[in-house]
Amino acid sequence: GVILGDMHTNIEKGKDVFDSMILAQILTLIGQGDPTALVEAERVITAAIPLSPKRQQLYFTLARIQLLEGRADVALQVLNQVVADEPAIGESHWLLNIALRQSGKDTEAWAETKKAMENGYAWRAAEEIRYAIELAVRFGSAEDRVALAEALVSAGGGASALATLAEFE
């Protein structure tokens, strides 16, 4: 479409890596039904990284693409480096947790979930909190489970959130 064409033009002119990031994110959404869009998204974001190598959002986008492609091992490499470069960013730990879980490393995934929470990760949806609760039930303390259930209630998790909280209190 016209918008994607304009974004490609801006990228070619080197205006800003923001256009590359947005285009890659749009292609990622399209790519869930069209694998060629994921390949294009990875090409776009990989080309943008050298232009702004400290911009973590570029690496987050790359890792999300790799996870959608089923390449958790590659995403783990990217995210481990991002966490090493700046360990105080909650989103880095959250994405690392997802990659670890996709790799079957649930214990390590829980450790990264805890680090994400400790570093102020802002929940985007009740589903994320439910995902964290699944890990907390297996690996966390009672306090972890209650804190997550309270977060679920605050996020508008509905009656099931209240039931979860009652179960853990």
**Study point:** Evaluation steps, side chain to side chain contact (heavy atoms under 4.5 Å, CB included), between Leu148 and Met117
**Key:** CA-CA 10 Å; Leu148 285 164; Met117 295 184 308; 3.5 Å; yes
Review point. Is there a donor-acceptor contact under 3.5 Å from the side chain of Asn119 to the main chain of Lys115?
Key: yes
Check your understanding: Shortest non-hydrogen contact from Ala48 to Ser20?
Key -> CB-CB, 3.5 Å
Check your understanding: Do side-chain atoms of Gln102 reach the backbone of Ile98 as a donor and acceptor pair under 3.5 angstrom?
Key -> no
Exercise for review: Give the cluster check for Val39 versus Ile30: same hydrophobic cluster or not, with ILVMFWY residues linked at side-chain heavy-atom distances below 4.5 Å.
Suggested key: no
**Study point:** Flag side-chain contact, heavy atom, 4.5 Å: Arg55 against Phe18
**Key:** yes
Exercise for review: Determine, using the 4.5 Å side-chain heavy-atom cutoff (strictly less than), whether Leu29 and Leu95 are members of one ILVMFWY cluster.
Suggested key: no
Counting only pairs under 3.5 Å, give me each side-chain donor-acceptor contact of residues 61-68, with atom names and distances, residues two or more places apart or in other chains.
from	atom 1	to	atom 2	distance (Å)
Thr61	OG1	Gln25	NE2	3.3
Thr61	OG1	Gln57	O	2.9
Arg64	NH2	Glu91	OE2	2.8

Check your understanding: Yes or no on side chain to side chain contact (heavy atoms under 4.5 Å, CB included) for Ser103 and Asp73, after CA distance, side-chain angles and deciding distance?
Key -> CA-CA 7 Å; Ser103 298; Asp73 55 332; 5.8 Å; no
Study note, to complete from the structure: Rounding to 0.5 Å, atoms CD (Glu112) and CG (Leu96) come to a distance of 4.0 Å
Exercise for review: For the pair Asp144 and Trp110, evaluate side chain to side chain contact (heavy atoms under 4.5 Å, CB included) and give the outcome as yes or no after the intermediate values.
Suggested key: CA-CA 11 Å; Asp144 295 328; Trp110 171 246; 3.3 Å; yes
**Study point:** Residue pairs, two or more places apart or on separate chains, that pass ring pair (Phe, Tyr, Trp, His ring centres under 6.0 Å) and touch residues 74-99
**Key:** Trp94-Tyr121, Trp94-Trp123, Trp94-Tyr131
Practice item. Would you check, one step at a time, whether the test salt bridge (Lys or Arg N to Asp or Glu O under 4.0 Å) holds for Arg145 with Glu150? Key: CA-CA 9 Å; Arg145 293 187 293 274; Glu150 288 173 347; over 6 Å; no
Exercise for review: Name all residues meeting the side chain to side chain contact (heavy atoms under 4.5 Å, CB included) criterion together with Ala109; count only those two or more places apart in sequence or in a different chain, and write none if there are none.
Suggested key: Asn97, Leu100, Arg101, Leu135
Review point. Would a distance-only check, ignoring hydrogens and angles, find a side-chain to backbone donor-acceptor pair under 3.5 Å from Tyr59 to Gln81?
Key: no
Review point. Taking the side chain as C-beta and beyond, is there a heavy-atom pair between Ser92 and Leu79 under 4.5 Å?
Key: no
Check your understanding: Can you hop from Val74 to Ile45 via hydrophobic side chains spaced under 4.5 Å?
Key -> no
Practice item. For residues Ala99 and Leu76, report the shortest heavy-atom separation together with the two atoms involved. Key: CB-CD2, 3.6 Å
